[in-house]
Amino acid sequence: MAGAAGFIGSHLCDRLIGDGHEVVGVDNFITGSRENVRHLSGRPGFSLIEQDITETFDIEGHIDAVMNLASPASPKDYLEHPIETLEVGSTGSRHLLEIAQRHQARYLLTSTSECYGDPLEHPQSESYWGNVNSVGPRSCYDESKRYAEAITMAFHRKFGVRTNIARIFNTYGPRMQLDDGRVVPAFIDQALRGEPFTVFGNGSQTRSFCYVSDMVDGLVRLSGSEERYPVNLGNPVEMTILEFAERIKRAAGSTAPIEFKPLPEDDPRRRRPNISKAKRLLDWEPKVDLDEGLRLTIAYFRQKIELPQT
Ligand SMILES: NC(=O)c1ccc[n+]([C@@H]2O[C@H](COP(=O)([O-])OP(=O)(O)OC[C@H]3O[C@@H](n4cnc5c(N)ncnc54)[C@H](O)[C@@H]3O)[C@@H](O)[C@H]2O)c1
């Protein structure tokens with residue numbers, strides 16, 4: 001599993017090891033950390049290799065599946081590492097596909113809802129081709145993932161590699177980085193510190209948030225399916241960023257005010273998955289509701305943040 005030391009990757013490791021699989025984690029720690037998988041070190045069935053997947057490498061022994069979760073994923077991370085982001089989706093994806101081909105293993109790509117860009121269709125279903133600005137600041141991520149999807153389909157069509165493509169929508173939970181600029185950790189951080197909440201724009205833009213255990217379950221189900229075309233995975237419960245800020249304020253017991261700042265360039269206005277394909281093919285839909293997911297996530301961050309003594 002490439003990207004094993006990241007947020008979603010580390011939870012997927014937990015799940016696969018719990019299910020009795022052996023996992024070789026591969027990561028260069030550009031945005032992930034050893035801390036995320038420290039609890040697995042020494043566990044039979046888990047090993048971790050420091051490796052940049054944009055360089056050629058191989059894994060010894062029998063491999064059933066190659067899972068590609070490697071990529072900077074938050075806007076802050078990919079804007080800081082635009083070239084690495086383009087390289088990991090292109091060269092990195094190619095290297096992992098070659099490993100899957102050599103070992104006759106399955107291949108799972110974690111793509112993204114960003115492939116839909118600022119969508120003109122709502123909610124977004126897999127048949128929608130997207131509205132992406134190829135030269136905007138976010139294009140390093142969006143186009144990297146679109147290329148990653150394209151090369152995945154090419155390896156399937158040309159070499160018969162058994163591929164799957166997950167289009168992941170906003171996912172949250174423990175082990176996100178507190179300072180990665182994504183809305184969930186940012187709001188929770190502000191709530192726990194009693195600082196004002198920062199909302200970009202007027203807060204009327206919408207998002208939908210999927211708890212990480214639901215996402216991991218969707219990825220496991222997809223990786224066992226024969227569906228080659230992309231499948232949306234995400235939570236279809238949509239709310240405005242302002243409503244979301246209020247839910248976190250309540251869950252964390254904050255009374256701080258909300259402050260508004262200008263909207264970043266190319267920030268999508270609406271984002272909500274149509275998950276009927278995943279329901280039909282994988283019998284999958286999210287089970288953890290927002291209040292429960294926030295409770296678990298806030299408890300994790302409470303432990304992480306050293307709050308000033310009062
Ligand atoms: N979290 C979300 O809401 C979300 C939404 C859509 C798609 N995704 C996708 O899911 C995957 C995991 O996302 P995440 O939120 O866990 O991000 P993350 O940044 O926590 O994890 C990504 C991991 O990949 C590693 N990595 C990056 N480049 C690498 C390289 N060249 N070689 C080896 N390792 C490398 C990082 O060090 C990190 O551990 C990503 O591919 C991301 O694009 C995530």
Side-chain angles (χ1 to χ4, degrees), residues 1-14 24-38 48-57 59 66-96 99 108-116 124 138 140-149 152 165-185 207-216 218-219 222 230-235 268 271 273 286 293 297:
M1 185 192 307
F7 157 52
I8 300 178
S10 63
H11 287 278
L12 187 53
C13 286
D14 289 345
V24 180
V26 173
D27 208 294
N28 68 349
F29 307 112
I30 186 171
T31 55
S33 84
R34 286 185 191 276
E35 195 51 40
N36 286 339
V37 282
R38 195 169 303 285
L48 184 63
I49 299 172
E50 181 162 1
Q51 172 71 50
D52 185 334
I53 64 160
T54 65
E55 286 158 17
T56 47
F57 70 106
I59 301 289
V66 174
M67 298 188 156
N68 184 2
L69 288 91
S71 174
S74 73
K76 181 165 170 262
D77 285 336
Y78 58 71
L79 294 176
E80 206 172 304
H81 305 289
I83 314 296
E84 290 87 344
T85 302
L86 282 157
E87 277 292 299
V88 75
S90 52
T91 314
S93 290
R94 179 174 182 159
H95 290 156
L96 294 185
I99 293 177
L108 172 76
L109 170 69
T110 53
S111 183
T112 170
S113 57
E114 299 291 336
C115 286
Y116 300 120
Q124 294 82 53
R138 304 167 76 111
C140 58
Y141 184 61
D142 306 1
E143 298 296 2
S144 169
K145 291 290 187 180
R146 287 169 71 98
Y147 178 94
E149 291 193 1
T152 300
I165 300 174
R167 284 202 185 132
I168 298 181
F169 284 65
N170 283 332
T171 302
Y172 73 101
R175 302 188 201 142
M176 295 184 90
Q177 299 165 61
L178 203 51
D179 60 349
D180 73 1
R182 286 190 265 199
V183 64
V184 174
R207 293 292 183 274
S208 45
F209 297 96
C210 183
Y211 188 66
V212 65
S213 60
D214 283 328
M215 180 55 58
V216 161
L219 292 173
L222 179 60
V231 177
N232 286 341
L233 294 177
N235 193 319
R271 198 37 80 63
T297 311

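Since the model is a prediction, treat every value here as computed from it, not as a measurement. Whatever order the structure lists them in is the order used to number ligands and atoms, beginning at 1.
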Filtering Gly3, Gly32, Ser71 for the heavy atom nearest atom 22 (C) of ligand 1 leaves Ser71
Quick look: Ile8 vs ligand 1, heavy-atom contacts under 4.0 Å, and the answer is both
Self-check item: Flag side-chain contact, heavy atom, 4.5 Å: Ser111 against Pro230
Solution: no
**Request:** State whether the shortest distance between N or O atoms of Thr112 and N or O atoms of ligand 1 falls below 3.5 angstrom.
**Result:** no
Under 4.0 Å from one or more heavy atoms of Ala5, ligand 1 contributes atoms 39 (O)
Next on the checklist: Please confirm whether Ala2 approaches ligand 1 to less than 4.0 Å, judged on its heavy atoms.
Outcome noted: no
inquiry  = Any donor-acceptor pair under 3.5 Å linking the side-chain atoms of Asn235 with those of Tyr172?
reply    = no
Atom 3 (O) of ligand 1 has as its nearest protein heavy atom Thr171 N, 2.9 Å
When distances are taken from atom 19 (O) of ligand 1, the protein heavy atom at minimum range is Thr31 OG1, 2.7 Å
Quick look: Glu84 vs ligand 1, heavy-atom contacts under 4.0 Å, and the answer is neither
Rounded to the nearest 0.5 angstrom, the OG1-CD1 distance for Thr54 and Ile83 is 12.0 Å
- Under 3.5 Å between some N or O of ligand 1 and some N or O of Asp52? yes
* Would you find more than 12 non-hydrogen atoms of other residues, nucleotides or ligands less than 6.0 Å from Arg94 atom CZ? -> no
Among non-hydrogen protein atoms, atom 20 (O) of ligand 1 lies closest to Phe7 N, 2.8 Å
Taking only non-hydrogen atoms of Asn170 and a 4.0 Å limit, the atoms of ligand 1 in range are 3 (O)
Side-chain donor/acceptor of Lys145 to backbone N/O of Arg167, under 3.5 Å: no
Checking Thr91, Val88, Asn28 against Asp52 for side chain to side chain contact (heavy atoms under 4.5 Å, CB included), the one that qualifies is Asn28
- Query: Is the shortest distance from a heavy atom of Lys145 to ligand 1 less than 4.0 Å?
  - Reply: yes
closest protein heavy atom to atom 1 (N) of ligand 1 is Arg182 NH1, 2.8 Å
Under 4.0 angstrom from ligand 1, any heavy atom of Glu114? no
Polar proximity ligand 1 side, Gly9 side, N/O cut 3.5 Å exclusive | no
If you scan protein heavy atoms around atom 39 (O) of ligand 1, the nearest is Asp27 OD2, 2.6 Å
Side chain to side chain contact (heavy atoms under 4.5 Å, CB included) filter on Thr171, not counting sequence neighbours, yields Phe7, Ile8, Ile168, Cys210, Val212, Met215
When distances are taken from atom 30 (C) of ligand 1, the protein heavy atom at minimum range is Asn28 ND2, 3.3 Å
### Query
Does any N or O atom in Leu69 lie less than 3.5 angstrom from one in ligand 1, N or O only?
yes
Please determine if Ser113 has a nitrogen or oxygen closer than 3.5 Å to a nitrogen or oxygen of ligand 1. no
Closest to atom 21 (O) of ligand 1 among protein heavy atoms sits Gly6 CA, 3.3 Å
Check this for me, if you would: do Arg175 and Asp14 make a salt bridge, where the nitrogen-to-carboxylate-oxygen distance has to be below 4.0 angstrom? yes
With heavy atoms and a 4.0 Å threshold, my read on which part of Glu87 contacts ligand 1 is neither
So for Tyr141 against ligand 1, with non-hydrogen atoms under 4.0 Å, the contacting part is side chain
the protein heavy atom lying closest to atom 6 (C) of ligand 1 turns out to be Ile168 O, 3.1 Å
Legend entry - NZ/NE/NH1/NH2 to OD/OE distance under 4.0 Å, Arg146 and Glu149: no
Output, in order, the C-alpha distance, side-chain angles, deciding distance and verdict of side-chain contact (heavy atoms from CB on, under 4.5 Å) for Glu84 and Ile30. CA-CA 9 Å; Glu84 290 87 344; Ile30 186 171; 3.9 Å; yes
*Is any side-chain heavy atom of Tyr141 closer than 4.5 Å to a side-chain heavy atom of Thr112?*
yes
Hits for ring-ring contact (aromatic ring centres under 6.0 Å, His included) against His81, two or more places apart or cross-chain, chain-then-number order -> none
With heavy atoms and a 4.0 Å threshold, my read on which part of Phe29 contacts ligand 1 is backbone
Heavy-atom proximity to atom 17 (O) of ligand 1, picking from Ala70, Ala4, Ala73, Pro72, points to Ala73
Practice task
Tell me, with the steps shown, if Ser93 and Thr152 meet side-chain contact (heavy atoms from CB on, under 4.5 Å).
Solution key: CA-CA 8 Å; Ser93 290; Thr152 300; 5.6 Å; no
Run Glu143 and Arg138 through salt bridge (Lys or Arg N to Asp or Glu O under 4.0 Å) and show every step you take. CA-CA 9 Å; Glu143 298 296 2; Arg138 304 167 76 111; over 6 Å; no
Contact region, Ser111 to ligand 1, non-hydrogen atoms below 4.0 Å, reads backbone
In ligand 1, the atoms that come under 4.0 Å of a heavy atom of Gln51 are 32 (N), 33 (C)
Query raised in the report: Should Leu96 and Phe57 count as side-chain neighbours, where that means a heavy-atom distance under 4.5 Å?
Result: yes
